[in-house]
2 protein chains.
Amino acid sequence: MLKLTKKTDYALMSINYMSYRKDLFVANTRSIAEIYNIPRELLAKILQKLAKEGFIESQNGPKGGYTLLKDPSEITLGEVIRAIEGPIQIVRCIEGDSTCSQTEQCTIQSPLRKIESHIVDYLDTITIDKIISETTDELLEVN
Amino acid sequence: MLKLTKKTDYALMSINYMSYRKDLFVANTRSIAEIYNIPRELLAKILQKLAKEGFIESQNGPKGGYTLLKDPSEITLGEVIRAIEGPIQIVRCIEGDSTCSQTEQCTIQSPLRKIESHIVDYLDTITIDKIISETTDELLEVN
DNA sequence: TTATATCCGACTCTATTGATCGGAGATAAA
DNA sequence: TTTATCTCCGATCAATAGAGTCGGATATAA
C-alpha cells in the first residue's frame, strides 16, 4: 500500500498548529493532542522525533513545549516523511539486498527506482506552507 | 510507508515475462514461479486477479496458462497497482469517513489529496513497456 | 480416465503500525 | 526546597496489513 502513516499525519497537523499559533510561543503535547484528538503518548514521540531532526525546538519543565524552528516554507513534505517514517522507499528492494530471492532475475528493479526518485523529488518540492495554506490549487502545477 | 507490495512486484515481473516469452503462447504459474522464485500459490492468485481485471487471459487444463491480452504499452503502472492492491491512497482518510476522529479539525486533508492525485496521475502515465525495457532514462521526463 | 492446469475461499504466520505504560530528568512557581 | 508540569525514552502490547499456505473444486488436453 502506497500510504502515509498516521504518525506523518500527526506530525503535519502539529507543524500546522505550531505555525498557526506562533503567538503562544510554546505549544505543548497535551494541547495539540486534545485539539486534534491524538493519543498523547504517541504524539509525544512524534514531537520528540521532530525535535531531534531539528524541525522544532523543545523546552523542558512546566510551561514548556515546542516551538517551530524552521518556517513552513522551508520544510518539505519529503523531509517530514523521512523524519517520521525513515527513508522513502516505493521500491522494496535495496541496493545489494542478498535476502531478496528475486534480485538476480528481477528486471524491473532499476526502472522502478527511477520512478521512486521522481516521486521523492516531487515530495521534496512540496513545502509545508503549501499544505497548511488554504490556497492549494497551485500544488498540481509545481513539478 | 509509501511502498509497493510484493504482490505488485510479482505482477509486474509476470507481465514482463509474458511479454518477453510471447512465443510460448501460454505461460503457466509454475514456470513463472520457478524462474522468479515466487511462492506458487501466491503467484496463482495474483495472476487470477490480473485475469479478472482483463490484463491477461487464462486457459484452463493441461498446457493451459496465461497470455497477455494488452500490449505493455497499453498498460500503466497505476492500473496494475490498482488491480492488485486496490485504489491508490497516499492519504489515509476517505471522503466522509466518520471513524476518523480527526476529520473535523484536520486542515491538511484536502491539500494532501491533491498531492495524491498528482502522484496517481504520474503513475498512470508510466506504461509497462517503459518499465520492462532497458532504456528507462526517459521515465524522468514523462510528466 | 488421468494428469495438469486454473480457480477460489479459508486459514496461518509475520511484519508493520498504532497505542500504552512506567519511570527518569528538567524547570518554573509556590 | 518541594511540587506540579513538562519533555524524554525504552519496553511492551494490540491492531492491522502483508505474505504465504492448504484443501478442494472445476476445466481440459492427451
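Here is how names work: the chains are called A, B, and so on, in the same order as the sequence lines, proteins then strands, and each is numbered from 1.
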Exercise. Counting heavy atoms from C-beta on, name the nucleotide in dA10(C), dT7(D), dT6(C) closest to the side chain of K45(B).
Key: dA10(C)
Self-check item: Under 4.0 angstrom between T5(A) side-chain N/O and dT16(C) OP1 or OP2
Solution: no
Quiz item: Where does the angle between the aromatic ring planes of Y17(A) and Y36(A) fall among parallel (under 30°), tilted (30 to 60°) and perpendicular (over 60°)?
Solution: perpendicular
Quiz item: Rounded to the Å, how far apart are K3(B) NZ and dA15(C) C1'?
Solution: 10 Å
Practice problem: Using atom NZ of K49(A) as one end and atom C1' of dT7(D) as the other, report the distance to the nearest whole Å. | Solution: 17 Å
Practice problem: Nearest whole angstrom, please: distance from the C1' of dA15(C) to the CD of Q89(A). | Solution: 15 Å
Practice problem: Could you check how far CG of L4(B) sits from C1' of dA17(D), rounded to whole Å? | Solution: 15 Å
Practice problem: Let me know the distance between CD of E53(B) and P of dC7(C), rounded to the nearest Å. | Solution: 13 Å
Quiz item: dT20(C), dT28(D), dC6(D): which one has an atom nearest the side-chain heavy atoms of N60(B)?
Solution: dT28(D)
Quiz item: Out of dA5(C), dC6(D), dC7(C), which has the shortest distance to the side chain of S58(B)?
Solution: dC7(C)
Quiz item: Quick one: does I119(B)'s side chain get under 4.5 Å of L123(A)'s, heavy atoms only?
Solution: yes
Practice problem: Supply the atom-to-atom distance I115(B) CD1 to I126(A) CD1, rounded to the nearest 0.5 angstrom. | Solution: 4.5 Å
Exercise. Rounded off to whole Å, could you give me the OH-to-P distance for the Y10(A) and dA19(C) pair?
Key: 4 Å
Self-check item: Candidate nucleotides dA19(D), dA5(C), dG23(D), ranked by approach to the side chain of E41(B) - the nearest
Solution: dG23(D)
Quiz prompt | Length of the CG-C1' vector between N28(A) and dT27(C), whole Å | solution = 14 Å
Quiz prompt | Closest listed nucleotide, where the reference is the side chain of A51(A) and the choices are dA5(C), dG18(D), dC8(D) | solution = dC8(D)
Exercise. Return the nearest nucleotide to the side chain of P62(B); candidates are dG9(C), dT6(C), dA3(C).
Key: dA3(C)
Quiz prompt | N-O pairing of D124(B) and R82(B) below 4.0 Å | solution = yes
Quiz prompt | Whole-Å gap separating P (dG23(D)) and CG (L42(B)) | solution = 17 Å
Quiz prompt | Shortest non-hydrogen contact from K70(B) toward I75(B) | solution = CB-CG1, 3.8 Å
Exercise. Report the residue (R30(B) or K6(A)) whose heavy-atom-nearest nucleotide on DNA chain C is the more 5′ of the two.
Key: R30(B)
Self-check item: Residue closer to the 5' end of DNA chain D, K63(A) versus L2(A) (nearest nucleotide)
Solution: K63(A)
